[in-house]
Every structure is written in structure tokens, then in C-alpha cells.
Asks: 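My structure is below; once you've seen it, I'll send some questions.
If you're wondering where the values come from, they're calculated on a predicted model, not measured in any experiment.
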Amino acid sequence: MENTVLAMISRQMGIEREMDAIANNIANASTDGFKSERMLFAEYLQDIGNNQTIAFIKVAGVIRDFTDGPIRTTGNPLDIAIRGEGFLKIETDDGILYTRSGRLHLDATGMLVNADGQAVLGDSDLPILTFPGDIAITIDPDGRVTSESGELGRLALVVFEDVSKLVKLGNGLYDSKADPIDPEEPGDVTVIQAALEGSNVEPITEMTKMISLLRSYQGTQTMGNEEHDLRRKAIGILGGVSQSA
């Protein structure tokens with residue numbers, strides 16, 4: 001009976017982790033560039049003797065869906081949306097990181113930065129700087145940035161052969177150093193100016209998943225209650241036999 005209870009608890013813990021992922025998806029349904037996530041589970045078999053095993057589940061990781069989100073026109077010439085598998089390179093205190101979030105602006109020095117004020121890198125991993133008086137900034141589909149002063153640089157767009165190895169750090173940033181993978185030159189990647197990529201989360205789908213998981217959790221809880229009742233009855237029967245003896 002103990003093994004049955006442990007297996008049910010294992011399942012409920014897994015459901016809770018799935019619910020956390022779904023809740024996070026729903027909370028970020030309107031976050032620019034957010035990619036939906038789901039939990040990846042693996043089966044763990046424990047030997048309980050007599051050539052028998054009991055199955056538990058364990059979290060094996062997080063899977064992110066990197067498909068493109070919907071494009072929303074903003075009218076801000078420094079906003080960009082990326083179509084395809086490309087990422088922007090961002091210079092941070094922790095080194096070069098990567099993002100899909102294209103909400104950009106110019107800082108006080110005229111440097112192109114992301115929403116957190118970190119430099120957006122261009123050719124040769126150098127920041128892209130504008131000149132005093134530059135007003136009309138144009139960003140071409142290939143990432144080339146120009147103004148009244150001429151060409152200012154080109155966005156350093158990169159792709160990864162295996163995006164599952166990217167580590168999410170928060171604020172839309174990803175790191176490739178934990179499981180080293182080298183970025184590659186982009187192929188079919190297009191930059192759209194004055195637009196932002198929305199979250200690829202589909203709230204209705206996520207709510208449907210949540211309802212299904214809730215029912216699974218309740219079903220597991222019912223099984224647990226039935227197991228508890230059986231155990232209580234067994235103890236009562238054994239206690240009655242002991243007293244009559």
C-alpha cells in the first residue's frame with residue numbers, strides 16, 4: 001500500500017509542476033517575444049523486490065516552443081520583430097546573451113539598446129551608435145540600420161542549431177554558455193521594423209490543459225482517498241481478529 005501512495009504522490013507532484021508551467025504561460029500571454037513552455041517528464045522505476053517494480057515520474061526538463069508569435073504593428077521605428085529562428089545579440093555584465101524581444105530605443109548617448117538599457121550588438125559585436133541629430137532611423141529586413149548620416153551598422157542576428165540547449169535567464173534573455181553551443185549565421189531570418197513579436201501562447205489551449213490537469217489531480221486524489229479507506233478498513237478488521245483471539 002505504501003508504494004501505491006508514493007506513486008500517487010509522485011503523480012500529483014508532477015501535475016503541480018505542469019500547472020505551474022501553464023500558469024506561467026497564461027501570465028505571459030501578452031509578453032512580447034515570450035515562448036510557451038511545458039514540462040518534460042521521465043519514468044523512474046524502483047525495484048521493490050520479488051521481480052517487481054513501481055513506476056514514479058521525475059522532471060527531466062523544460063521544453064520551449066520557439067515557433068514565431070504573432071506580429072503586432074506599433075508604429076515605433078525602433079521596435080523590431082524577428083521572423084524565423086533568429087536572435088539578437090545583447091551585451092550584458094554577464095557577457096553576450098540572446099533575445100527575441102525587439103522593444104528597442106536609443107539611450108542618452110545615442111546607442112541602440114534593449115528595454116533594459118543593454119547594448120544591442122551589430123557587426124563585429126560592436127554597439128550600434130547614432131549621430132547627433134539623427135531622427136529617421138531605418139531598419140531593413142536584413143537588419144541593416146541607417147539614418148540621415150548613412151549606414152550605422154547591421155544587427156548581429158544569429159541562429160542556433162539546437163535551441164533546446166539555450167538557458168532562459170529572465171527578461172527575455174537566453175544564455176548559451178551552460179551547455180556550450182555556438183551561434184551560426186542566420187539563414188531565412190527577416191527583421192520587420194515598427195512591429196513587435198507577441199507571445200506564442202494560446203490562452204484557450206492553456207486553459208483547456210489546465211482543466212484537464214485539474215481533473216487528473218482530482219482523480220488521483222480520489223484514488224488516494226480510496227486507498228486510505230481500504231487501509232483503515234484493513235486495520236479495523238485486523239484489530240477485530242486480534243481482539244477475538
Side-chain angles (χ1 to χ4, degrees), residues 18 21-40 61-92 96-105 112-116 118-123 128 137-145 153-176 178-179 181-210:
E18 288 185 275
I22 291 174
N24 185 55
N25 287 342
I26 294 174
N28 286 281
S30 60
T31 300
D32 295 329
F34 182 83
K35 302 303 179 184
S36 63
E37 304 173 348
R38 64 183 178 88
M39 304 304 301
L40 176 64
V62 176
I63 297 178
R64 292 186 182 87
D65 177 8
F66 278 97
T67 57
D68 291 347
I71 297 297
R72 172 171 56 86
T73 301
T74 66
N76 182 350
L78 295 181
D79 285 341
I80 62 168
I82 300 174
R83 294 282 78 175
E85 300 177 349
F87 289 81
L88 292 171
K89 299 177 76 171
I90 305 296
E91 184 177 40
T92 73
I96 294 177
L97 300 177
Y98 307 91
T99 188
R100 294 274 301 186
S101 179
R103 189 179 292 276
L104 312 180
H105 65 277
L112 188 65
V113 297
N114 66 1
D116 295 318
Q118 299 161 320
V120 178
L121 299 181
D123 300 324
I128 296 176
I137 308 295
T138 300
I139 304 177
D140 295 335
D142 64 354
R144 197 176 306 275
V145 183
R154 183 174 178 175
L155 296 173
L157 295 165
V158 296
V159 298
F160 294 92
E161 183 177 354
D162 186 359
V163 292
S164 67
K165 293 183 178 180
L166 292 174
V167 177
K168 184 179 178 181
L169 300 180
N171 294 330
L173 295 173
Y174 296 88
D175 189 2
S176 66
D179 188 356
I181 48 176
D182 295 325
E184 303 173 356
E185 290 296 321
D188 187 18
V189 176
T190 303
V191 175
I192 302 174
Q193 186 179 17
L196 290 173
E197 178 191 18
S199 168
N200 67 356
V201 172
E202 297 182 3
I204 294 178
T205 300
E206 298 299 319
M207 289 298 296
T208 301
K209 292 178 183 177
M210 181 174 286

Asks: Less than 4.5 Å apart, any side-chain heavy atom of Ile90 and any of Ile96?
Replies: no
Asks: Please name the pair of heavy atoms, one in Ile137 and one in Pro77, separated by the smallest distance, quoted to 0.1 Å.
Replies: O-CB, 4.0 Å
Asks: Can Asp162 and Ser164 be said to form a side-chain hydrogen bond (donor to acceptor under 3.5 Å, both in side chains), step by step?
Replies: CA-CA 5 Å; Asp162 186 359; Ser164 67; 2.5 Å; yes
Asks: Shortest non-hydrogen contact from Leu112 to Leu78?
Replies: CD1-CD2, 4.2 Å
Asks: Report yes if the side chains of Tyr174 and Lys165 come closer than 4.5 Å at any heavy-atom pair, otherwise no.
Replies: no
Asks: Just wondering, do Gln193 and Asp79 contact through their side chains at under 4.5 Å, heavy atoms?
Replies: no
Asks: Is Arg38 atom CZ crowded by more than 12 heavy atoms from other residues, nucleotides or ligands, each under 6.0 Å away?
Replies: no
Asks: As an exercise, state the distance from OG1 of Thr31 to CG of Leu196, rounded to the nearest 0.5 Å.
Replies: 12.0 Å
Asks: Are Ile128 and Leu155 close enough that some pair of their side-chain heavy atoms sits under 4.5 Å apart?
Replies: yes
Asks: If you measure from CD1 on Ile26 to OG on Ser36, what distance do you get to the nearest 0.5 Å?
Replies: 11.5 Å
Asks: If you define the side chain from C-beta out and look only at heavy atoms, does anything of Asn114 sit under 4.5 Å from Thr99?
Replies: no
Asks: When you look at Arg83 and Glu197, which way does the side-chain contact (heavy atoms from CB on, under 4.5 Å) test go after all the steps?
Replies: CA-CA 8 Å; Arg83 294 282 78 175; Glu197 178 191 18; 3.9 Å; yes
Asks: Ser30: what forms a side-chain hydrogen bond (donor to acceptor under 3.5 Å, both in side chains) with it, not counting sequence neighbours?
Replies: none
Asks: Tell me whether Glu85 at atom CD has more than 12 heavy atoms from other residues, nucleotides or ligands lying less than 6.0 Å away.
Replies: no
Asks: Taking salt bridge (Lys or Arg N to Asp or Glu O under 4.0 Å) as the test, write out the residues that go with Asp32, two or more places apart.
Replies: Arg72, Arg103
Asks: Measuring from atom OG1 of Thr67 to atom NZ of Lys35, what distance do you get when rounded to the nearest 0.5 angstrom?
Replies: 6.0 Å
Asks: Considering residues at least two apart in sequence or located in another chain, which fulfil the side-chain hydrogen bond (donor to acceptor under 3.5 Å, both in side chains) criterion with Asp68?
Replies: Arg100
Asks: So, do Tyr98 and Lys89 sit near enough that their side-chain heavy atoms are less than 4.5 Å apart?
Replies: yes
Asks: Could you list the residues that satisfy side-chain hydrogen bond (donor to acceptor under 3.5 Å, both in side chains) with Arg154, not counting sequence neighbours?
Replies: none
Asks: Run the side chain to side chain contact (heavy atoms under 4.5 Å, CB included) test against Ala195 and tell me which residues pass, sequence neighbours left out.
Replies: Ile71, Ala81, Ile192
Asks: Run the numbers on Phe87 and Leu97 for side-chain contact (heavy atoms from CB on, under 4.5 Å), then give the verdict.
Replies: CA-CA 9 Å; Phe87 289 81; Leu97 300 177; over 6 Å; no
Asks: Going from CZ on Phe34 to NZ on Lys168, what distance comes out if it is rounded to the nearest 0.5 angstrom?
Replies: 4.0 Å
Asks: Determine whether Leu40 and Val62 make a side-chain contact, defined as any pair of heavy atoms from C-beta on separated by less than 4.5 Å.
Replies: no
Asks: Does Arg144 have any salt bridge (Lys or Arg N to Asp or Glu O under 4.0 Å) partners at least two apart in sequence or in another chain, and if so, which?
Replies: Asp142, Glu151
Asks: Mind listing the closest non-hydrogen atom pair of Asn200 and Asp65 along with its distance?
Replies: ND2-O, 2.7 Å
Asks: Check Ala21 against Glu37 and note the closest heavy-atom contact, atom names and distance.
Replies: CB-O, 4.3 Å
Asks: Heavy atoms only: give me the nearest Ser101-Leu88 pair and the separation to one decimal.
Replies: O-CD1, 3.9 Å
Asks: With a 3.5 Å distance limit and no angle check, can you tell me whether Asn171 reaches the backbone of Leu173 through a side-chain donor-acceptor pair?
Replies: no
Asks: What verdict does the side-chain contact (heavy atoms from CB on, under 4.5 Å) test give for Leu169 and Val167, after you've listed the backbone C-alpha separation in whole Å, the side-chain angles of each residue and the deciding distance to 0.1 Å?
Replies: CA-CA 6 Å; Leu169 300 180; Val167 177; 4.2 Å; yes
Asks: Provide the closest heavy-atom pair for Val120 versus Val113 in the form atom of the first, atom of the second, distance.
Replies: CG2-C, 3.7 Å
Asks: Any side-chain heavy-atom pair from Pro141 and Thr190 closer than 4.5 angstrom?
Replies: yes
